> 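Supplied in structure tokens, the structure appears directly below.
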Amino acid sequence: MPKLLVVHHTPSPSTQALFEAVLAGATHPDIEGVEVVRRAALAATVPDVLEADGYLVGTPANLGSMSGAVKHFFDTVYYPCLDATRGRPFGYWIHGNSDTSGTERQLLAITTGLGWTKAADPVITTGEPDKQTLEACTELGGTLAATLMA
């Protein structure tokens with residue numbers, strides 16, 4: 001069964017709401033035959049990444065950068081997963097209080113290096129998530145899970 005790995009850092013109510021919306025999409029009843037595995041960024045491991053067929057990554061934007069937890073995740077898995085995960089689909093969401101551009105630049109530099117393929121438009125937002133943003137996260141989760149359906 002294909003596996004979608006959702007790696008996240010959710011330190012605030014806003015980031016938690018986005019994470020839950022992504023999961024709602026990824027686990028929607030119309031999605032069949034895809035196992036959704038969720039891991040906090042500090043708990044995600046090399047085997048988690050190697051065993052997954054696609055990825056969703058969620059991070060807050062902290063002072064212009066991805067969270068330290070998500071950066072640690074990528075630092076841990078980058079070289080052990082470099083060749084084995086090339087071409088796998090991924091998506092991402094970012095939440096910030098103001099500027100998110102540095103965070104997105106970092107995330108794309110790392111995933112480009114890994115050779116992952118962006119399979120959906122990201123959700124990038126600031127402030128309190130509104131209904132439209134939450135719906136976009138649900139769509140993001142559903143889109144990534146649907147790409148893995150056999």
Side-chain angles (χ1 to χ4, degrees), residues 1-45 48-49 51-77 81 85 87-150:
M1 175 181 300
K3 191 179 291 188
L4 175 62
L5 176 63
V6 183
V7 177
H8 63 98
H9 184 63
T10 53
S12 70
S14 293
T15 55
Q16 183 67 33
L18 298 174
F19 170 63
E20 289 173 7
V22 166
L23 286 179
T27 60
H28 189 277
D30 290 343
I31 304 294
E32 298 177 355
V34 176
E35 180 183 357
V36 178
V37 176
R38 41 194 106 156
R39 293 283 186 266
L42 292 175
T45 64
D48 290 329
V49 175
E51 293 169 5
D53 301 288
Y55 313 98
L56 279 164
V57 179
T59 184
N62 294 336
L63 305 172
S65 299
M66 71 178 68
S67 75
V70 174
K71 178 68 167 69
H72 175 78
F73 160 72
F74 280 122
D75 286 346
T76 301
V77 305
C81 299
T85 62
R88 292 187 186 168
F90 84 100
Y92 60 95
W93 73 96
I94 299 170
H95 176 271
N97 289 326
S98 57
D99 183 34
T100 59
S101 60
T103 304
E104 185 175 30
R105 191 170 36 259
Q106 278 185 313
L107 199 144
L108 289 175
I110 293 166
T111 54
T112 297
L114 284 165
W116 292 0
T117 303
K118 189 163 61 166
D121 290 334
V123 177
I124 301 172
T125 189
T126 58
E128 188 71 28
D130 59 16
K131 182 179 178 186
Q132 182 179 0
T133 301
L134 294 173
E135 288 172 354
C137 281
T138 301
E139 184 175 326
L140 173 66
T143 299
L144 259 291
T147 64
L148 301 179
M149 287 174 56

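Numbers for residues simply follow the sequence, beginning at 1. Computation of the quantities below employed the complete heavy-atom set of this structure, encompassing side-chain atoms and omitting hydrogens, waters and symmetry-equivalent molecules. Bear in mind the structure is a predicted one, so any value in this text is a computation, not a measurement.
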> As a quick check of understanding, evaluate side-chain contact (heavy atoms from CB on, under 4.5 Å) for Thr45 and Thr76, giving each step before the final call.
CA-CA 8 Å; Thr45 64; Thr76 301; over 6 Å; no
> With the side chain counted from C-beta on, respond yes when Phe74 and Gln106 share a heavy-atom pair under 4.5 Å apart, and no when they do not.
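The answer is no, as the side chains (C-beta and beyond) never meet within the 4.5 Å cut-off.
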> For the pair His9 (side chain) and Gly58 (backbone), establish whether a donor and an acceptor sit closer than 3.5 Å, ignoring hydrogens and angles.
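Flag not set: sc His9 to bb Gly58 has no pair under 3.5 Å.
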> For Asp121, look at atom CG and say whether over 12 heavy atoms of other residues, nucleotides or ligands are found less than 6.0 Å away.
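Result for CG/Asp121: open.
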> Does Asn97 CG have over 12 foreign heavy atoms under 6.0 Å away?
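Open.
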> Has Asp53 got a side-chain atom pairing as donor or acceptor with Lys3's backbone, closer than 3.5 angstrom?
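Checking the backbone N and O of Lys3 against the side chain of Asp53, a donor-acceptor pair under 3.5 Å is found.
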> Is Gln16 atom CD crowded by more than 12 heavy atoms from other residues, nucleotides or ligands, each under 6.0 Å away?
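Check passes, neighbour count above 12.
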> Identify the two heavy atoms, one from Leu56 and one from Tyr92, that lie closest to each other, and give their separation to 0.1 Å.
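Between these two residues, the closest heavy atoms are CD2-N, 4.4 Å.
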> Closest heavy-atom contact between Ala41 and Phe73?
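Looking at all heavy atoms of both residues, the shortest contact is O-CB, 3.6 Å.
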> Is there side-chain contact between Pro89 and Leu148, with heavy atoms separated by less than 4.5 Å?
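Yes, at least one pair of side-chain atoms sits under 4.5 Å.
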> Should Val57 and His8 count as side-chain neighbours, where that means a heavy-atom distance under 4.5 Å?
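A side-chain contact under 4.5 Å is absent here.
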> Would you please test Asp48 and Arg39 for salt bridge (Lys or Arg N to Asp or Glu O under 4.0 Å) and show each step?
CA-CA 9 Å; Asp48 290 329; Arg39 293 283 186 266; 3.1 Å; yes
> Measure the CZ-OG1 distance between Arg38 and Thr10 for me, rounded to the nearest 0.5 Å.
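One gets 11.5 Å once the value is rounded to the nearest 0.5 Å.
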> When you look at Ile110 and Trp116, which way does the side-chain contact (heavy atoms from CB on, under 4.5 Å) test go after all the steps?
CA-CA 9 Å; Ile110 293 166; Trp116 292 0; over 6 Å; no
> Which one of Val7, Leu114, Leu5, Leu4 satisfies the side chain to side chain contact (heavy atoms under 4.5 Å, CB included) criterion with Tyr55?
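That would be Leu5.
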> Without hydrogens or angle criteria, can the side chains of Asn62 and Ser65 be said to hold a donor-acceptor pair below 3.5 Å?
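Asn62 vs Ser65: no donor-acceptor pair found between side chains.
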> Using distance alone, with no hydrogens and no angle criterion, decide if Thr103 and Thr100 have a side-chain donor and acceptor under 3.5 Å apart.
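The answer is no; no qualifying pair exists.
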> Identify the heavy atoms of Val6 and Phe19 that sit nearest to each other, and give their distance.
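It is CG1-CE1, 3.9 Å.
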> Do any N or O atoms from the side chain of Thr138 and from the backbone of Val22 form a donor-acceptor pair under 3.5 angstrom?
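No, Thr138 side chain to Val22 backbone: no donor-acceptor pair under 3.5 Å.
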> Could you measure the distance from the OG1 atom of Thr112 to the CG atom of Leu107? Nearest 0.5 Å is fine.
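The CG atom of Leu107 is 9.0 Å from OG1 of Thr112, to the nearest 0.5 Å.
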> Is there side-chain contact between Met149 and Ile31, with heavy atoms separated by less than 4.5 Å?
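When only atoms from C-beta onward are counted, Ile31 and Met149 do touch, with a gap below 4.5 Å.
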> Taking it one step at a time, do Thr133 and Leu18 satisfy side-chain contact (heavy atoms from CB on, under 4.5 Å)?
CA-CA 8 Å; Thr133 301; Leu18 298 174; 3.8 Å; yes
> Shortest non-hydrogen contact from Leu42 to His72?
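Nearest pair, atom of Leu42 first, then His72: CD2-CD2, 3.8 Å.
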> Short question: side chain of Thr147, backbone of Leu144 - any donor-acceptor pair under 3.5 Å?
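Confirmed, Thr147 side chain pairs with Leu144 backbone.
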> If every non-hydrogen atom of Ala26 is compared with every non-hydrogen atom of Val36, which pair is closest and at what distance?
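Reported closest heavy-atom pair: O-CG2, 3.6 Å.
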> Return the minimal non-hydrogen interatomic distance between Ala61 and Asp99, and the atom names on each side.
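Closest pair (atom of Ala61, atom of Asp99, distance): CB-O, 3.9 Å.
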> Using modelled atom types only, decide if a donor and an acceptor are shared between the side chain of Thr59 and the backbone of Ser67 within a distance under 3.5 Å.
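Pair found, side chain donor or acceptor close to backbone of Ser67.
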> Does the pair Glu35 and Val37 meet the rule for a side-chain contact (heavy atoms from CB on, under 4.5 Å), with working shown?
CA-CA 6 Å; Glu35 180 183 357; Val37 176; 3.7 Å; yes
> I'd like to check Thr126 versus His95 (side-chain heavy atoms, cut-off strictly below 4.5 Å). Are they in contact?
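No, side chains not in contact.
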